[in-house]
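Here's the structure we're looking at; comments come further down.
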Amino acid sequence: MLLFNWRILAANHQKISSLHMNNICCCKRRTKGLKPQTALGRNYSSLPGVVGNDIKSLRSVINPPIAKIRNIGIMAHIDAGKTTTTERILYYSGYTRSLGDVDDGDTVTDFMAQERERGITIQSAAVTCDWKGYRVNLIDTPGHVDFTLEVERCLRVLDGAVAVFDASAGVEAQTLTVWRQADKHNIPRICFLNKMDKTGASFNYAVESIREKLKANPLLLQLPIGEAKTFKGMVDVVNKEKLLWNPNSDDGKEFERKPLLEVSDPGLLKETTEARNALIEQVADLDDEFADLVLGEFSENFDLLPAEKLQAAIHRVTVAQTAVPVLCGSALRNKGIQPLLDAVTMYLPSPEERSYEFLQWYEGDLCALAFKVLHDKHRGPLVFMRIYSGSLKPQSAVHNINGNCTERISRLLLPFADQHVEIPSLTAGNIALTVGCKHTATGDTIVSSKSSALAAAHRAKQGGAEPPRHNQEAQRLLLAGVEVPEPVFFCTIEPPSVAKQPDLDHALKCLQREDPSLKVKLDPDSGQVGSIILNLRRLSVKAFVCCLITDTLDRTLGDKRHLVTVELEANPVETSSVIPTIEYAEDVSEDLLKVSREAIENGIHGACLQGPLLGSPVQDVAITLHSLSVHPGTSTTMISACVSRCVQKALKKAEKQVLEPLMSLEVAVTEDRLSLVLADLAQRRGNVQEIQARHDNKVVIGFVPLAEMMGYSTVLRTLTSGSATFALELSNYQPMNPQDQQALLNRRSGLA
Ligand SMILES: Nc1nc2c(ncn2[C@@H]2O[C@H](COP(=O)(O)OP(=O)(O)OP(=O)(O)O)[C@@H](O)[C@H]2O)c(=O)[nH]1
């Protein structure tokens, strides 16, 4: 089945006692001037620093001091080079023996078959590597516009991020979205201006766009030596050194770091000294401790200021998010990755530098967040967890607060993309991959036991934490949830035969655990076994005229009579929400409400979720219950059914209008293809607001109904020979015009 094929992961677990791992997948490769490699794909080296099979000796490697952990995400616009950068990081840190190439489809992080085919990063793979004594957990976040929720989910567990830019394009549409998400989660960032070798690459343009579009404060820690074809390396502004890569080196492992000298590089030295002085002033403006130092001891001569003092101050302002260090390079040409890794360990924070209020409530007990669930055909669900406090061990029971259930972790693994190393324990600050959790879904909070959760809840209460929603103690302890946007697409799927129904149910369950944005419900009208609606599209119905309706349900089941009479009214309200406002008239008896309020509200919610037009949810509606009489012995199900039917009648009578999702759209396109893009948008009922000039490109900004955007990426690729990019975001719901609405209703009823 298609859904299963998506998620089949050949996760290959390896006990730590045998440290050489071979990927079983066979990849077709062109070597592109890089080192030739074996036909059996990637070889993985053993964990650096680990000798022999003694698990005890591995503990220091597996659980490094928390100050030496960096949980880092790589975020960017599509095609900026995240995967290539990640591959280089893994190669230089010794975890892969050859360089993967996205163009050949054999990278470590793009490990799903579909990603390999499409050449884009869909699912974030968490990858662990070490760099100069630091443990770097890399999360490769997808940059494609369709997967923004996936990006947000990963951002939550990061302590820092590297934003990768295409230096020829500067800040692109999707970078803005991801940058805003990183702001929301307070994630300190470093900018890496990639593709400095590409025609049109411009360091200054890219820095300016960071300043202007992201409203960020860039700290230029490097200056490029050459640009586009002449790009050779960069200057380290902090240390006043030049970094040059050997043009004959295959893999960029070797490069020269030389101090800039007056005799050999007078021009570059002058430029670098000016850049360093400007950097010192910029940092001093943001950091009082550094300002005191600079104004005191070093005010006469900034050259005497030690690099370590400047680096420490850059670390502080980066962590405080008052500035972002900027570095440059070319991942594809193997230049600039090692200094980027140095900057990650030097400037981005360790887990203990991040402040998480909830940590105090656990007092060192386990608290972890399940941030990703994958389904392995053989081993069942694999859950990626970020450990915030305490430790995880295999063969242990844990408690899932969201699911209110106990889970058993059978195995604990360190994730190396599709290769996983089994380990005996993992402590706070780390990212673990667990096997055995059967109910945990993405976004769940995991603690050691129910009593530990209650003890933490008690401490939180004493500490005066925010009162929980729904008045449940456990709610206090949930780590920040992913904000799941309202579904905007519907699709109905059915199994090819009744025999396949259990497979389909299982696949949908798995997908829902992986992706909370996927809503699944059974279509009650179809009557077929398991016709299922993937509730991804919403068309809302607006009630304009208030309607008062009375309804009676009188049914005898067995020897029991169920009799309900209800009178209610539907009115329009401006809430922009599909959750109906519910009010009760004063005449409705309090005693009756006490026992039947839940049944009444279930009936109202049910009716509003399946509106009278197209079965779509109803937005902006208030229901007022005027009277209710219930015959003794009537079941609550009958009360719900009667209320639901009455609401449906009221909505049927009301004047209605179909609302459709309106998307805000940004398309970056070269000038010669602009008219093609505009003509196409006009056919899609697009409303262009403005056309901006951005470097050599034009950027079209406007709105377009979602219904018109099916297959847009393919059409845009064809129209522009793949040179254009676009970003699409839900803006709001707008009323359809009467002709379009009628055409839609006719289509749905089979009249057209
Ligand atoms: N010229 C040049 N091309 C690069 C560089 N880095 C990556 N590329 C190319 O840019 C394209 C996209 O690279 P990826 O690494 O897949 O980019 P990505 O950001 O992971 O893309 P998504 O997975 O789609 O989000 C590929 O064709 C790379 O070969 C670079 O430094 N210079």
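Read the numbers this way: they start at 1 and go in the same order the structure lists the ligands and their atoms.
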[X] N/O to ligand 1 N/O under 3.5 Å:
{"X": "R333", "answer": "no"}
{"X": "G329", "answer": "no"}
{"X": "T85", "answer": "no"}
{"X": "N194", "answer": "yes"}
{"X": "A331", "answer": "yes"}

Exercise. For ligand 1, which atoms have a heavy atom of S330 less than 4.0 angstrom away?
Worked result: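 Taking each heavy atom of S330 in turn, ligand 1 has 30 (C), 31 (O), 32 (N) under 4.0 Å.
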For this session: Under 4.0 Å from a heavy atom of D197: give me the atoms of ligand 1 that qualify, with their elements.
Result: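 Contacts of ligand 1 toward D197, numbered from 1: 1 (N), 2 (C), 30 (C), 31 (O), 32 (N).
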For this session: Check each of R257, K242, R276 against D236 using the salt bridge (Lys or Arg N to Asp or Glu O under 4.0 Å) test, and report the only one that passes.
Result: R257
Exercise. For the residue pair D159 and P349, what are the closest heavy atoms and their distance?
Worked result: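 It is O-CG, 3.2 Å.
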Exercise. Hey, what do you get for CD1 (I691) to CD (E671), rounding to the nearest 0.5 Å?
Worked result: 10.0 Å
Exercise. Just how far is it from atom CD1 of I74 to atom OG1 of T84, taken to the nearest 0.5 Å?
Worked result: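 Those atoms lie 10.5 Å apart.
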For this session: Answer yes or no for A76: is there a heavy-atom contact with ligand 1 below 4.0 Å?
Result: no
Problem set entry | Of the listed options L193, N334, T84, closest to atom 14 (P) of ligand 1 (non-hydrogen atoms) | T84
For this session: May I ask you to establish whether K195 and F231 are in a cation-pi arrangement, using a distance under 6.0 Å from NZ or CZ to the six-membered ring centre and at most 45° from the ring axis?
Result: no
Exercise. Are S168 and D166 close enough that a side-chain donor and a side-chain acceptor fall under 3.5 Å?
Worked result: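 D166 and S168 do have a side-chain donor-acceptor pair below 3.5 Å.
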Exercise. Do we see a donor-acceptor contact under 3.5 Å between the side chains of D251 and N334?
Worked result: no
